[in-house]
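Heads up: the structure comes next, in structure tokens.
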Amino acid sequence: MEERYDFQRVEAKWQKVWEETSLYRVEEGGKRPKYYVLEMFPYPSGDLHMGHVRNYSIGDVVARYKVMRGYNVLHPMGWDAFGLPAENAAIRHGIHPATWTERNIANMRRQLRAMGFSYDWTREVTTCLPEYYRWTQWLFLLLFKNGLAYKKKAAVNWCPSCQTVLANEQVVGGLCERCESIVEKRELEQWFFRITAYAERLLEGLERLPGWPEKVKVMQENWIGKSHGVEVTFLAPDGTAVPVFTTRPDTLYGVTYLVLAPEHPLVERLVAGRPQAEAVREFIRRARQMSTADRTAAEREKEGLFTGAYARHPLTGEPVPLWVANYVLLEYGTGAVMGVPAHDQRDYEFARAYGLPIRVVIRPPEAGLEADTLAAAYEGDGIMVHSGPFDGLPNREGGERITAHLEEKGLGRRQVNYRLRDWLISRQRYWGAPIPIVYCPRCGTVPVPEGQLPVLLPQDVAFKPSGESPLQSCREFLETTCPQCGAPARRESDTMDTFVCSSWYFLRYTSPRQEDRPFDAQRVNYWMAVDQYIGGVEHAILHLMYARFFTKVLYDLGLVGVDEPFTNLLTQGMVLKDGSKMSKSRGNVVSPEEIMRQYGADTARLFILFAAPPEKDLEWSDAGVEGCHRFLNRVWRLVGSLRRELLEVKAEDAAVRAADRELRRLLHQTIKRVTEDIEERFNFNTAISALMELVNGLYRYRDDIPAADRHRGLLKEAVEKLVILLAPFVPHLSEELWHLLGHTTSVHRESWPAYDETALVTEEVEVVVQINGRVRDRLRLPVGLSHERAREAALAQERVQQWVAGRRVAKVVWVPDKLINSVVQ
RNA sequence: GCCGGAGUGGCGGAACUGGCAGACGCAACGGACUUAAAAUCCGUUGGGCCGCAAGGCCCGUGCGGGUUCGAUCCCCGCCUCCGGCACCA
């Protein structure tokens, strides 16, 4: 054996062998229980980055570990291959998006193989291939047929730089999630998926996901934003009903005005013919022009205008002025709100700015509240005042009563509202799955029949510098015939949001070459749900909610047997360098390929697993990588130095001495720790440190005990089990060592070692001796001592005597085999 | 503002159910081997103090309090950082 291990040779050698022997190929069925490990598939940007390496190293440990635990493990990989960068490359460098994507995939596939991940590559899935997007289109049609895909004209988010519309989820603080341009509002007719129909199910389902991080569940909960309230109807004198939504019916008597969103359809009717009409119309025009960013800007000056109209208060009959204001959103609730300045901070600010009256109707406990001196709205609980027959009631109860009263009189009804909006899936771009719809002058909107799928992207198109989709001017694509009547018709030129493609890829992996269906029912039900899903937290809302939505729809339609796709979710932290995220602009990118070249894949994997627990951010450290590499060499030399000795071992039962027992205990303790660290908490960093300690222990044993005196059988067990325990983390080195130890089958086919409880027990333990909770001494005591005996032993100690001298021992606390604490005086 | 999460040596991080704070690794320093270097191996390494030494004492897990024989861990109040949401009525 060489002095240093030649990682380049070893890694290349085993990657080849694994591939030739199809080591990672999986089939459905068999006696072993199934286990589906999935890592979020990458966008083929060109090169693997450290985030990928981390994500996939974590997944690979889980996959290999589960195989060794006797599971039939599905561990696939694929490509989220549609998307804007490919199109931008086409515009800038004149490469066709398909070519660009193919090249990137080839390169990244090579890099993934070089990392030694245990994927079943026969199941590889690529979303931009017709054999895949055909089924994305099929699923679109399925949603369409079930009323879950529809087209509507709406004010939508438009990114001027990406030249396309965006879903709500893709607008972050008024900026485009991708390019951070300011997003504009545009009135456009677009395709939507009716995800709001599943709002309640998506919310309720979270409760059945104990294996998800609380953080992600809370984020989704907030995004769905359920709130209970009452829809109250105010009537204008001309009979126009102005419904408002409120969660505070208890403050109904405090209403001093109503506000409508500028875009509210009733506004025109209310102002028509009034002196205010022109001013209001101008106000609406200005509000419309404002970008989302402006409207959500930090200062957010509340602006509004009186319409001249009044409505009648449903309980008091008093006239209430109707306003329009920019702080009311058309999309939420009824697009109109009641203004209660005394008990809502926004209303308070608006009322103060425009001199509207303030009426206190909730009195805080033990304090007065005067409208004139009010410095801010009082939003807490209290006793109702100035509320007619409801005076004196606690506000919660009063709210209930008012609601009941309104319902009785037909003036309002209980209502549940969600913040979640329908998912806008149209994209005005080329590199995506075409929406399979044809517009016929006679038949209208016609779905492309299933038999005619896929609607292929035309290959030969010209990419314009403006970014405008070439599909919009591609006659061969646009011009078609109506599938219903055969008349000339026009194809939909928009493509689907790439999140549609990634909303079902985990189903396709179960039967990736299925030609007549998106997936095979039997196979999908064998593998689903994904037992462990791993990816970045940036998808907490977007991808993870869309995928849940798709799964629920398919479940309802009987296509899959589960309604939650991912049973357990692990969101891994970012990889940082010098305290911030690696990025080209910061110039702090560490290339995985470079690390592999210098240290090998095993070192890269080991470091990234060792440096931090998976869910935390990880600070890249060249010195740390160096240290991991050193450790692997240390393992190599250990095995190298003992190999001859171990190869000759026959069944041998030497006398077991203290050092042997010590080694045996260390070994089994390590098995226990590594197993529990992986199994219970995915704490690979502590699992690895346990393995380091085992290696240190083996060195000590080797150096302290002369070769002739070593218990070779035990030593062999320890070294072999060490190699097996290392296998999920550093698969190449482990495989090489395994074979050097005389084995001819793969270490990755070995069973995970079990630990022997009896090996863990010791006769003696070190017990901490405390006086008043402070450590004063240590004591070696036999295991399982009684309180009485331990107390005697402790008090007999000279050091304890010194501390106790002349004082009364009030109490002695005995934590068996760990600690004895005497409380004195 | 609201909702999450986190603050531990020079650094990354450990500490299981309230029981030895700092495992493991990095860095640093000292030493061995070497003509030299690399590699490797051994030792020291939270701070302060007492002691020739063996050894011992005090302080220490963001800050201030509390509960407890005993708190990194539980409770109350604050500070800082990170993430999410942000006129959602």
Subject >> Among A23(B), G83(B), C58(B), the nucleotide that comes nearest once only the side chain of Lys215(A) is considered >> reply: G83(B)
Original post:
Are OP1 or OP2 of C24(B) and a side-chain N or O of Arg673(A) less than 4.0 angstrom apart?
Top reply: no
Original post:
Glycosidic conformation of G9(B), syn or anti, with 90° from 0 as the boundary?
Top reply: syn
Original post:
Quick one: is Lys818(A) getting a side-chain N or O under 4.0 Å of the G19(B) phosphate, OP1 or OP2?
Top reply: no
Subject >> Trp423(A) and its ring pair (Phe, Tyr, Trp, His ring centres under 6.0 Å) partner, picked from Tyr198(A), Trp223(A), Phe499(A), Tyr546(A) >> reply: Tyr546(A)
Original post:
So does Ser227(A) get a side-chain nitrogen or oxygen closer than 4.0 Å to the phosphate oxygens (OP1/OP2) of A89(B)?
Top reply: yes
Original post:
Of all the choices, C69(B), A15(B), C24(B), which nucleotide is nearest to the side chain of Arg681(A) once you look at every atom?
Top reply: A15(B)
**OP:** Would you mind classifying the nucleic acid contact of Asp703(A) as base, sugar-phosphate or nothing, using non-hydrogen atoms under 4.0 angstrom?
**Re:** nothing
**OP:** From the options A89(B), G19(B), U40(B), select the nucleotide whose nearest atom is closest to the side chain of Arg637(A).
**Re:** U40(B)
Original post:
Between G12(B), A21(B), A89(B), which nucleotide gets closest to the side-chain atoms of Ala611(A)?
Top reply: G12(B)
Original post:
So which nucleotide from C85(B), A89(B), A27(B) ends up closest to the side chain of Arg419(A)?
Top reply: C85(B)
Original post:
Is U68(B) paired to anything, Watson-Crick or G-U wobble with both distances less than 3.5 Å, and if yes, which nucleotide?
Top reply: none
Original post:
Just by distance, with hydrogens left out, do Asp422(A) and Thr196(A) show a side-chain donor and acceptor under 3.5 Å apart?
Top reply: yes
Subject >> Candidates Arg665(A), Arg780(A), Arg778(A) - the one meeting salt bridge (Lys or Arg N to Asp or Glu O under 4.0 Å) with Glu764(A) >> reply: Arg780(A)
**OP:** Starting from the 5' end of RNA chain B, give me the residue, Gly225(A) or Asn685(A), whose nearest nucleotide shows up first.
**Re:** Asn685(A)
**OP:** For residues His539(A) and Met40(A), determine if any side-chain heavy atom of one lies less than 4.5 Å from a side-chain heavy atom of the other.
**Re:** yes
**OP:** Report the base-pairing partner of A54(B) (Watson-Crick or G-U wobble, both distances below 3.5 angstrom), or none.
**Re:** none
Subject >> Any strand: nucleotide that pairs with G18(B) via Watson-Crick or wobble, under 3.5 Å >> reply: none
Original post:
Does Asn222(A) make a side-chain donor-acceptor contact with the base of C85(B), cut-off 3.5 Å?
Top reply: no
Original post:
Are Lys226(A) and Tyr418(A) in a cation-pi setup, meaning NZ or CZ lies under 6.0 angstrom from the ring centre and within 45 degrees of the ring axis?
Top reply: no
Subject >> Arg634(A) vs C41(B): side-chain N/O to OP1/OP2 distance below 4.0 Å >> reply: yes
